[in-house]
Undergrad: 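Below: one structure in structure tokens.
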Amino acid sequence: GKFNSYVEAGSTVIDQFFSSIYNGDWTAFNDGILEAIGNAQKFAQQYIYKFPNEVIKELQLKTYERNEFILKTGNEIDGLYFLIEGQYYVSSIEITGRELLLRYCKAPAILGDIELIEQCIIQSNCIAAENCKFLFIPLHTYKRYLQYDADFTQLLLKEFAYKLKTCTISSRVNALS
């Protein structure tokens, strides 16, 4: 059921805390389990997708503090980032050196989708506007298990459609200005 999906999606994060048992750090272990279940619940609520068991084992939780770069223009993409908490902004640097704000994002939002599908370097800077948590899928995991998964592709298509729609709206606003 729904609870099993939450636990499965959080299992990798839980695995990270099993080492705490051997160190006798029960507080960290208990806190880790609660955090993993909470993050799995947030993902399931926001993205409505259940990962295959092979993928669950490879999911990672990545956190970024306010003003920290999540992705930098010109770097290679290393996987897909699913925002589960916080907000970030997307920007690019103009020829004049001025930063141009392209988009302000809150969950649900996916980073790395365009670069992954287009097989190109990162196109824009993504910077945490506040503390952020992402469920991260490494590139090799995507290629091995998700690249031809129809339900996962639908999830990415919905993100592309949203980005196209907001880009179109922004273009109209700029054209009228």
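Bear in mind that the values here come from a model prediction, so they are computed numbers and not experimental data.
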Undergrad: Just how far is it from atom CD of E115 to atom CG of L80, taken to the nearest 0.5 Å?
TA: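 The CG atom of L80 is 9.5 Å from CD of E115, to the nearest 0.5 Å.
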
Undergrad: Mind checking the CD-CD1 spacing from Q123 to I77? Nearest 0.5 Å is all I need.
TA: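 It is 10.5 Å, given to the nearest 0.5 Å.
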
Undergrad: At their closest point, which heavy atom of A107 faces which heavy atom of L83, and how far apart are they?
TA: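 Closest approach of A107 to L83, heavy atoms only: N-CD2, 3.4 Å.
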
Undergrad: Within this structure, what is the OH-CZ distance for the pair Y145 and F51, rounded to the nearest 0.5 Å?
TA: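 Rounded to the nearest 0.5 Å, the OH-CZ separation comes out at 13.5 Å.
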
Undergrad: In the structure I gave you, are the side-chain heavy atoms of Y142 and D149 within less than 4.5 Å of one another anywhere?
TA: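 No. Closest side-chain heavy atoms not under 4.5 Å.
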
Undergrad: I'd like to know if the side chain of N131 reaches the main chain of R66, judged simply by a donor and an acceptor atom lying under 3.5 Å from each other, with no hydrogens or angles considered.
TA: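 The answer is yes, because a donor-acceptor pair under 3.5 Å joins these two groups.
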
Undergrad: Please check: side-chain N/O of N75 versus main-chain N/O of I122, any donor-acceptor pairing under 3.5 Å?
TA: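 No, because the side chain of N75 does not come within donor-acceptor range (under 3.5 Å) of the backbone of I122.
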
Undergrad: Considering all heavy atoms of both residues, which atom of A128 and which atom of I70 are nearest to each other, and what is their separation?
TA: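 Looking at all heavy atoms of both residues, the closest pair is N-CD1, 3.8 Å.
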
Undergrad: Mind checking whether Y88 and Y64 have ring centres under 6.0 Å apart?
TA: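 No, they do not, as the ring centres are separated by 6.0 Å or more.
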
Undergrad: Determine whether the aromatic ring centres of residues F136 and Y81 are separated by less than 6.0 angstrom.
TA: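 Under 6.0 Å, so yes.
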
Undergrad: Determine yes or no for a side-chain-to-main-chain donor-acceptor pair under 3.5 angstrom, with E68 supplying the side chain and E65 the backbone.
TA: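 Side chain of E68 to backbone of E65, a donor-acceptor pair under 3.5 Å: yes, one is there.
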
Undergrad: Identify, with sequence neighbours excluded, every residue that meets salt bridge (Lys or Arg N to Asp or Glu O under 4.0 Å) alongside K62.
TA: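 Per chain and number, K62 pairs via salt bridge (Lys or Arg N to Asp or Glu O under 4.0 Å) with D78.
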
Undergrad: Below 4.5 Å, heavy atoms only, C-beta onward: do Q60 and P138 meet side chain to side chain?
TA: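 Q60 reaches P138 side chain to side chain.
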
Undergrad: Determine whether a donor-acceptor pair (N or O, by modelled atom type, separation under 3.5 Å) exists between the side chain of S91 and the backbone of L100.
TA: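 No, the answer is negative, given that no donor and acceptor are paired below the 3.5 Å cut-off.
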
Undergrad: Between E99 and Y89, is there a side-chain heavy-atom distance shorter than 4.5 Å?
TA: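 When only atoms from C-beta onward are counted, E99 and Y89 do touch, with a gap below 4.5 Å.
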
Undergrad: Out of curiosity, E130 CD to Q87 CD, how far, rounded to the nearest 0.5 Å?
TA: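 Between E130 CD and Q87 CD, I get 4.5 Å after rounding to 0.5 Å.
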
Undergrad: Please round to the nearest 0.5 Å and tell me the distance separating atom OG of S92 and atom CZ of R103.
TA: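 The distance works out to 12.0 Å.
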
Undergrad: Taking T141 for the side chain and I137 for the main chain, is one N or O donor matched with an acceptor at less than 3.5 Å?
TA: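 No, the answer is negative, given that no donor and acceptor are paired below the 3.5 Å cut-off.
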
Undergrad: If you look at every heavy atom in S124 and L102, which pair is closest and at what distance?
TA: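 Reported closest heavy-atom pair: OG-CD1, 3.5 Å.
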
Undergrad: Would you mind reporting whether L71 and N125 have side-chain heavy atoms less than 4.5 Å apart?
TA: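 Contact flag for N125/L71 side chains = no.
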
Undergrad: Mark yes when over 12 heavy atoms from residues, nucleotides or ligands other than Q119 sit less than 6.0 Å from its CD; otherwise mark no.
TA: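 Counting neighbours around CD of Q119, 12 or fewer heavy atoms of other residues, nucleotides or ligands fall under 6.0 Å, so no.
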
Undergrad: Distance from C132 atom SG to I84 atom CD1, nearest 0.5 Å?
TA: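 Reported to 0.5 Å precision, the distance equals 10.5 Å.
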
